[in-house]
2 protein chains.
Amino acid sequence: MTRPAKRITSSDVARAAGVSRATVSFVLNDRPGLSITQETRRRVLEAAQRLDYRPHASARSLAAGRSDVVLLSIPDLPIGAGISRFVEELATALAAYGLTLVTHLAGAHGRPLPDVCASVDASAVIGFDPFDHDTIQALYRAGARVVIPAGADMPASTGHIGRAQADHLIGRGHRRLGYAAPGHAGFREMARERLRGVTDACAEAGIDPPVVLTTTLEIASAAQAVSHWAERSVTGVCTFNDETAIAVLAGLHHHGLSAPADLAVIGADDIPTARLTAPPLTTVCYDLHQAGRQRAEAVVAGLSGHQLDVVALTPAVPQVVQRSST
Amino acid sequence: MTRPAKRITSSDVARAAGVSRATVSFVLNDRPGLSITQETRRRVLEAAQRLDYRPHASARSLAAGRSDVVLLSIPDLPIGAGISRFVEELATALAAYGLTLVTHLAGAHGRPLPDVCASVDASAVIGFDPFDHDTIQALYRAGARVVIPAGADMPASTGHIGRAQADHLIGRGHRRLGYAAPGHAGFREMARERLRGVTDACAEAGIDPPVVLTTTLEIASAAQAVSHWAERSVTGVCTFNDETAIAVLAGLHHHGLSAPADLAVIGADDIPTARLTAPPLTTVCYDLHQAGRQRAEAVVAGLSGHQLDVVALTPAVPQVVQRSST
DNA sequence: GTGAAAGCGCTAACAC
DNA sequence: GTGTTAGCGCTTTCAC
């Protein structure tokens, strides 16, 4: 379970290959502009391989002035497959540039992101959630060179989701909407963004802003919200995410009511169990695949000095998955 | 989005506090055995605070010979509440020792764990899943000082879960059980372990082994499984996890049947939406909280040289949460 | 009690 | 083309 340290250094490789440490560094980093004999290169590579040499990451980044670590911040989300796809795409795209992705799963009591950033000496930090201004500043101070908060291309945390939800409901004739905000504090920021989308859509459609109610993942809480909406003659509700939608559905059942007849409900994220509810949940999904790839490129561009505006990222359009709850 | 680098070094702090860099290092690291004037200490702390000084992680670990980064490997799982709790507990417990946790979300095409370990210069690697022998060796070679694969204390990936499920059903009089295996390939290993638990329990109770059927998260798939079980006169089924259980519940509804009257179903993991199904899902939960804490201590012990056998970890007992589906 | 100095393993000018 | 050398920012032994 534990093992004594005994590192193989670049000197070992240099010695084994009969060259200097600088040469080893050059061939291993594929330094452009330098021409190294095929023979020398081969010898170095062979020696490194044989010795199972791994450059010491800390020494490397200390000397180079930047690490090849990219940190992804994931809020305390239950989104399964969607996030996985994103992470996977991001990780592979970054790997192609020699960058390594690690993630920080935010918890209620976890240490602050900037601390983590500093501890791993990350050169870039990507947010699955939008960062507030202070966090961004703190990240830069913590040593990050590039910080990419969830942006316009990442519908998961923007108003696009809410917009799509509201537009769907409005398109089906609903004039009085409700919004089910999550009880979990970690979602606050993301929920604000999503809610903003539905509020905007309502304004544009010329109807009242949504009746916002907080709903925890418990039947009692959801049932109460359902009553409230009924009193305010709300006919359709957008929920923060699918889990919240499932709670609302349960709240409906609790009153002997059901969707969409008594209340239309539309979720967000298209989690795997969304299609298993009664009735199957209408929701909105989005392609995180592309967002992952774009972020990787933005990071690389930012790291190499080519300023790349986050606004340049192509927004991905969320799609409504029409099932039977609306 | 990008920012020029301008680090504050320990020299800056030393200058500001009117002491030497060594002194700064001593007070900031609370070096035991050294007695430093209260006044000096205060001045250093104040200066560090005022300058928002952050020790450079890479330089620190290069000099100290070890980083304070701990890497957690998470297989391609839906990141549910269970894992979050574990991660959170682990992260806070480690933080108390000055260690920082980052996680590696394994994807089908992600880079190998040892590479990531080397890139972040992690001193310890913890697995949410069991590591195979080669991986463990590779991790040590990649610079890890402590490697802790998922063990007996971590019920999430052991037979304890399945055992608890089966015992519950058997205890309620069921003599013919079914098992709903997950469709997702990433769960294969974990599912095998869990299934083993129910098989063992059946053997001990002297009843037939469970009728194992694979169920994807789609109504059609689950409905088909339900028919099969009915044909084989199965009266109770243990599912790989709660999501699969939800699918089975949906399959039941599809046939106009319901739990527990027509088929008792018990899930696993106690995800948030488990209490929102109709009927609320009986499931088994386990305390990952404790597992997190234990791992943190094992890491610290390992790092400080006190060999601590992984077998010494106290197994956590999974608990059945009785709701109405059984 | 505090400071001076020697590296940790690597990269990147610069000289050969 | 390849080797020499000077740090990167920090810890830590050893004098003061």
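Below, read A as the first sequence line, B as the second, and so on, with proteins coming before strands; counting in each chain starts at 1. These values consider heavy atoms only, across backbone and side chains, with no hydrogens, waters or symmetry-generated copies.
- Closest to the side chain of A:S25, from the set C:dT11, C:dA12, D:dT12, is C:dT11.
- Ion pairing between a basic and an acidic side chain is recognised when a charged N comes within 4.0 Å of a carboxylate O; A:R43 and A:E46 show no such pairing.
- Among the heavy atoms of the strands, none lies under 4.0 Å from B:S61.
- Partners of A:T135 by side-chain hydrogen bond (donor to acceptor under 3.5 Å, both in side chains), not counting sequence neighbours, listed by chain and number: A:D132.
- Regarding B:R66, its CZ atom lies at a distance of 16 Å from the P atom of C:dG9, rounded to whole Å.
- Between the CZ atom of B:R43 and the P atom of C:dG1 there is a distance of 16 Å, rounded to whole Å.
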Write down the protein N/O and nucleotide N/O pairs, taken from nucleotides 7-9 of chain D, whose separation is under 3.5 Å; answer none if there are no such pairs.
residue, atom, partner, partner atom, Å
D:dC8, O2, A:A63, N, 3.2
D:dG9, N2, B:A59, O, 3.3

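- Nearest heavy-atom pair, B:V299 versus B:V146, reported as atom, atom and distance to 0.1 Å: O-CG2, 4.2 Å.
- No side-chain N or O of B:S67 forms a donor-acceptor pair with one of B:S61 less than 3.5 Å apart.
- The two residues A:L303 and A:S123 have their closest heavy-atom pair at CD1-O, 3.8 Å.
- Summarising the geometry, the separation between CZ on A:R15 and P on D:dG3 is reported as 14 Å, rounded to the nearest angstrom.
- Residue A:T23 places at least one side-chain N or O closer than 4.0 Å to OP1 or OP2 of D:dG3.
- Using a cutoff of 4.0 Å between basic side-chain nitrogens and carboxylate oxygens, B:R66 and B:D121 are not scored as salt-bridged.
- Between the CG atom of A:L28 and the P atom of C:dA12 there is a distance of 13 Å, given to the nearest Å.
- One atom, CZ of A:F26, and another, C1' of D:dT5, lie 12 Å apart when rounded to the nearest Å.
- Residue A:N29 places its side chain closer to C:dT11 than to any other of C:dT11, D:dT2, D:dT12.
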